[in-house]
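Each chain gets a letter, A, B and so on, in the order the sequences are listed, and its residues count up from 1. These values consider heavy atoms only, across backbone and side chains, with no hydrogens, waters or symmetry-generated copies.
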Amino acid sequence: MVATSPAPAALLHSTVLDWYEANARDLPWRTAEASPWAVMVSEFMLQQTPVKRVLPAYAAWLERWPTPAALAADAAGEAVRMWGRLGYPRRALRLHAAAVAITEQHGGQVPEDHAALLALPGVGEYTAAAVASFAYRQRHVVLDTNVRRVFARAVTGVEFPAQATTAAERRAATELLPATAETAATWAVGVMELGALVCTARNPDCAECPLLRHCAWQAAGKPPYQGPARRGQTYEGTDRQVRGKLLAVLREAHGAVPQARLDAVWPEPVQRARALDGLVKDGLVDPVAPGVYRLPV
DNA sequence: AATCCGTGGAG
DNA sequence: TCTCCAAGGAT
C-alpha cells in the first residue's frame, strides 16, 4: 500500500496564510487600533459565544471601559449587567477580576508573558496563547475548537478531535507552528478562521478549502466520526436555566430585589433555592439582607 | 476526567 | 421541532 506523504509544513503555511489574507473577516479586535485589552475582552466574550452575538457587546463594553483600570474602578455587578445575555456570566465576573489584577499587579497593562496571562482569572491555556499571539504577535500554539477540528481532519484524518485535548494533538500543533513569531501569529488566526468559515463542524465546505489536496480526512474518503457519542447538552429544566432566569431579573433591576421577584421566575422551590445559592456561591449575586438580593458591588 | 456553567441561531 | 454547538475555564 502507498502511504500518502504529508505536505511539507512550509506549503501548508503559505497555503493557509494566502487563504487568510484573501478571506479574513473584518473583525474589530483584529484591527491595528485594537489594544491588548480589547483583544482580551474579545477573547473572554468569544469563549463559547458566537462572533455575531459578541460584536455589539464588545463595542459597548470597550466604549464604557476602554482600559482595565476603567473596568476595575467599577463594580463587579456592573460587569455582570453589561454582559447582558452573552451567556456564562461568570466570565463577566472573571473579566472584572482580571482587570483588577492587571491594574494592581501589572501597572494597568495587559501582561505580555504567557505565564502571567495564564495566572489571570478566567484565562486558561487557550486565552493566554490567544492574547499573547494576537495582541503581542508572539509564537504560541493556539488550540481552540476550530484549530483542533482543522488538524483532526487535515492532519489526523478524522472528522472530529477527541473530547479533550491530547498530548499528541499539542505535539502535532507544535511541530506545525511556523518558526518566526509574526508568521506563527498569523498562522494561528488563519487556521482558526479556516475552521470557522470553511472547515466547519457540520457542513464543511471542502470544495472551497485551500487544504483540500493536503487533507488526510479527504484522502481517507471523509469517514464519519467514530468516537464516543458527544452528549447533547439538555437545557430545559436544568439549574442553568433557573440561574439564567434569576440573574436576568437582577440584571434588569437596578438595586436590590426582594425574594418574591425571584420566586416568580421558577415554580419549584428546591431547585430555585439551589440555583440561587449557586449564584451566591459564585459571587454573581450578593445577599444584602435576608430575602433581599442584588448584583455584587 | 467528568461536570458544571447560558444563550440563541442554523439546519 | 429538535439537535447541535459556538475563539473555554474551573473544579
Side-chain angles (χ1 to χ4, degrees), chain A residues 20 24-25 27-30 34 38-58 80 83-95 97-98 117-135 140-150 159-167 185 188-197 199-205 225 228-251 265 271 274-275 277-285:
Chain A
Y20 181 72
R25 289 168 292 181
L27 298 174
W29 45 85
R30 288 181 184 162
V39 172
M40 174 170 281
V41 169
S42 79
E43 291 302 338
F44 269 74
M45 291 184 168
L46 288 164
Q47 290 169 3
Q48 301 286 279
T49 301
V51 167
K52 181 179 178 181
R53 288 175 49 211
V54 164
L55 285 168
Y58 167 88
V80 174
W83 198 255
R85 304 189 66 82
L86 285 180
Y88 290 148
R90 292 189 297 191
R91 290 182 290 166
L93 222 45
R94 291 170 182 154
L95 182 52
L117 287 164
L118 196 55
L120 296 171
V123 176
E125 180 58 43
Y126 162 75
T127 302
V131 172
S133 180
F134 304 156
H140 290 283
V141 171
V142 180
L143 270 187
D144 81 321
T145 186
N146 290 302
V147 175
R148 294 188 63 215
R149 189 174 55 249
V150 171
E159 186 178 17
F160 294 113
Q163 185 173 312
T165 305
T166 64
V189 71
V191 177
M192 279 180 68
E193 190 76 336
L194 187 61
L197 298 183
C199 193
T200 53
R202 270 178 290 193
N203 296 108
D205 192 1
Y225 178 70
R230 299 176 291 165
R231 62 190 185 294
Q233 42 178 322
T234 52
Y235 183 64
E236 284 296 319
T238 62
D239 285 7
R240 279 148 96 166
Q241 184 185 24
V242 183
R243 286 168 57 107
K245 286 178 176 295
L246 292 170
L247 201 58
V249 171
L250 292 163
R251 267 200 318 264
V265 304
Q271 186 179 27
R274 184 173 67 232
D277 183 58
L279 289 170
V280 171
K281 278 187 167 59
D282 286 347
L284 284 162
V285 172

Colleague: Within the structure shown, what part of the strands sits under 4.0 Å from A/Ala201 by heavy-atom distance: base, sugar-phosphate, or nothing?
Modeller: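 Sugar-phosphate contact only - A/Ala201 comes under 4.0 Å of backbone atoms but never of a base.
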Colleague: Counting the atoms with a prime plus P, OP1 and OP2 as sugar-phosphate, which does A/Gln241 contact under 4.0 Å by heavy atoms, base, sugar-phosphate, or nothing?
Modeller: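 Answer is nothing: A/Gln241 stays at 4.0 Å or more from every strand.
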Colleague: If you look at every strand shown and take non-hydrogen atoms under 4.0 Å, does A/Trp83 touch a base, only sugar-phosphate, or nothing?
Modeller: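 It contacts nothing in the nucleic acid.
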Colleague: Would you kindly give the CG-to-C1' distance between A/Leu197 and C/dA7, to the nearest whole Å?
Modeller: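 From A/Leu197 CG to C/dA7 C1': 12 Å.
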Colleague: Distance check needed: C/dA7 P versus A/Leu27 CG, whole Å only.
Modeller: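 Computing the A/Leu27:CG to C/dA7:P distance gives 11 Å.
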Colleague: Which residues in residues 38-51 of chain A have at least one heavy atom lying under 4.0 Å from any atom of DNA chain B?
Modeller: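 By residue number: A/Gln48, A/Thr49.
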Colleague: Working note: A/Trp83 + A/Met45, criterion side chain to side chain contact (heavy atoms under 4.5 Å, CB included); need CA distance, chi angles, decisive distance, verdict.
Modeller: CA-CA 9 Å; A/Trp83 198 255; A/Met45 291 184 168; 3.7 Å; yes
Colleague: What distance do A/Asp205 atom CG and A/Leu197 atom CG have between them, rounded to the nearest 0.5 Å?
Modeller: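 Here the rounded value is 10.0 Å.
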Colleague: State whether the distance check finds a donor on one side and an acceptor on the other, under 3.5 Å, for side chain A/Arg53 versus base B/dT7.
Modeller: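 Counting by modelled atom types and ignoring angles, a donor-acceptor contact under 3.5 Å is found here.
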Colleague: For nucleotides C/dC5 and B/dC5, find the distance between their C1' atoms and express it as a whole number of Å.
Modeller: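 It works out to 15 Å between them.
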Colleague: What nucleic acid atoms does A/Leu247 come within less than 4.0 Å of, heavy atoms only: base, sugar-phosphate, or nothing?
Modeller: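 Nothing, no heavy atom under 4.0 Å.
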Colleague: Please classify the nucleic acid contact of A/Arg94 as base, sugar-phosphate, or nothing, using heavy-atom distances under 4.0 Å.
Modeller: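 Result for A/Arg94 = sugar-phosphate.
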Colleague: Once you apply a heavy-atom cut-off of 4.0 Å, does A/Val147 come out as touching a base, just sugar-phosphate, or nothing?
Modeller: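 Nothing, no heavy atom under 4.0 Å.
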Colleague: From CD of A/Glu125 over to P of C/dA10, roughly how many Å is that when rounded to an integer?
Modeller: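 Answer to the nearest Å: 11 Å.
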Colleague: Tell me what A/Gly87 touches on the nucleic acid: a base, only sugar-phosphate, or nothing, going by heavy atoms under 4.0 Å.
Modeller: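 Answer is base: heavy atoms of A/Gly87 come under 4.0 Å of a base.
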Colleague: Taking the P atom of each, how far is C/dA7 from B/dG11, in whole Å?
Modeller: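 Their P atoms lie roughly 14 Å apart.
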Colleague: Any side-chain N or O of A/Thr127 below 4.0 angstrom from OP1/OP2 of C/dG9?
Modeller: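 True: A/Thr127 side-chain N/O within range (under 4.0 Å) of C/dG9 OP1/OP2.
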Colleague: What are the two closest heavy atoms between A/Arg149 and A/Thr200, and how far apart are they?
Modeller: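 So the minimum-distance heavy-atom pair works out to NE-C, 3.4 Å.
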Colleague: Could you check A/Val189 against A/Glu193 for side chain to side chain contact (heavy atoms under 4.5 Å, CB included), going step by step and ending with a plain yes or no?
Modeller: CA-CA 6 Å; A/Val189 71; A/Glu193 190 76 336; 5.5 Å; no
Colleague: Measure from the side-chain heavy atoms of A/Gln163 and tell me the nearest of C/dA7, B/dT3, C/dG8.
Modeller: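 The answer is B/dT3, which lies nearest to the side chain.
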Colleague: Using a 4.5 Å cut-off on heavy atoms from C-beta on, say whether the side chain of A/Asn146 contacts that of A/Val191.
Modeller: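 No - every pair of side-chain heavy atoms lies 4.5 Å or more apart.
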Colleague: Can you measure A/Tyr225 atom OH to C/dC4 atom P for me and round it to whole angstrom units?
Modeller: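 In whole Å, C/dC4 P lies 12 Å from A/Tyr225 OH.
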Colleague: Just the rounded figure in Å: distance from C1' of B/dC5 to CZ of A/Arg274.
Modeller: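 Taking atom C1' of B/dC5 as the reference, CZ of A/Arg274 is at 14 Å.
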Colleague: Rounded to the nearest Å, what distance is computed from the CG atom of residue A/Leu246 to the C1' atom of nucleotide B/dT7?
Modeller: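 Nearest whole value for this atom pair: 16 Å.
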Colleague: As an exercise, state the distance from NZ of A/Lys245 to CG of A/Leu250, rounded to the nearest 0.5 Å.
Modeller: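 Those atoms lie 14.0 Å apart.
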Colleague: Could you give the side-chain donor-acceptor pairs of residues 117-134 of chain A under 3.5 Å, partners two or more places apart or in another chain?
Modeller:
residue: A/Glu125; atom: OE2; partner: A/His114; partner atom: NE2; Å: 3.2
residue: A/Tyr126; atom: OH; partner: A/Glu43; partner atom: OE1; Å: 2.8
residue: A/Thr127; atom: OG1; partner: A/Gln47; partner atom: NE2; Å: 2.9

Colleague: What's the gap between B/dG6 and C/dT11 when it is taken at their P atoms, as a whole Å value?
Modeller: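 The same atom, P, in both gives a distance of 14 Å.
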Colleague: At 4.0 Å (heavy atoms only), tell me whether A/Arg202 reaches a base, stays on the sugar-phosphate, or touches nothing.
Modeller: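 Touches a base.
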Colleague: Examine B/dT7: is either OP1 or OP2 under 4.0 Å from a nitrogen or oxygen in the side chain of A/Tyr235? Give yes or no.
Modeller: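 Yes, within the criterion.
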Colleague: With respect to the phosphate group of C/dG9, does any side-chain polar atom (N or O) of A/Arg90 fall under 4.0 Å of OP1 or OP2?
Modeller: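 False: A/Arg90 side-chain N/O out of range (4.0 Å or more) of C/dG9 OP1/OP2.
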Colleague: With DNA chain B as reference, determine whether A/Arg251 or A/Lys52 sits nearer its 5' end, using the nearest nucleotide of each.
Modeller: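 Taking each residue's closest nucleotide, the earlier one in sequence belongs to A/Arg251.
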Colleague: Between A/Arg149 and C/dC5, is there a contact of a side-chain N or O with OP1 or OP2 at under 4.0 Å?
Modeller: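 False: A/Arg149 side-chain N/O out of range (4.0 Å or more) of C/dC5 OP1/OP2.
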Colleague: Provide, to the nearest angstrom, the distance between the CG atom belonging to A/Leu117 and the P atom belonging to C/dG8.
Modeller: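 My rounded result for the distance is 17 Å.
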Colleague: When you measure from the side chain of A/Tyr126, which nucleotide among C/dG9, B/dC5, B/dT7 comes out closest?
Modeller: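 The listed nucleotide nearest to A/Tyr126's side chain is C/dG9.
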Colleague: Could you tell me the separation between the CG atom of A/Leu93 and the P atom of C/dG9, rounded to a whole number of Å?
Modeller: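 After rounding, the reported distance stands at 16 Å.
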Colleague: A/Arg91 or A/Asn203: which one's nearest nucleotide on DNA chain B is closer to the 5' end?
Modeller: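 Result of the comparison: A/Arg91.
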Colleague: After noting the C-alpha distance and the side-chain angles of A/Tyr58 and A/Val41, does the key distance pass the side chain to side chain contact (heavy atoms under 4.5 Å, CB included) rule?
Modeller: CA-CA 7 Å; A/Tyr58 167 88; A/Val41 169; 4.2 Å; yes
Colleague: Taking C-beta and beyond as the side chain, do A/Leu279 and A/Leu246 meet within less than 4.5 Å on heavy atoms?
Modeller: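 Yes, close enough: below the 4.5 Å cut-off.
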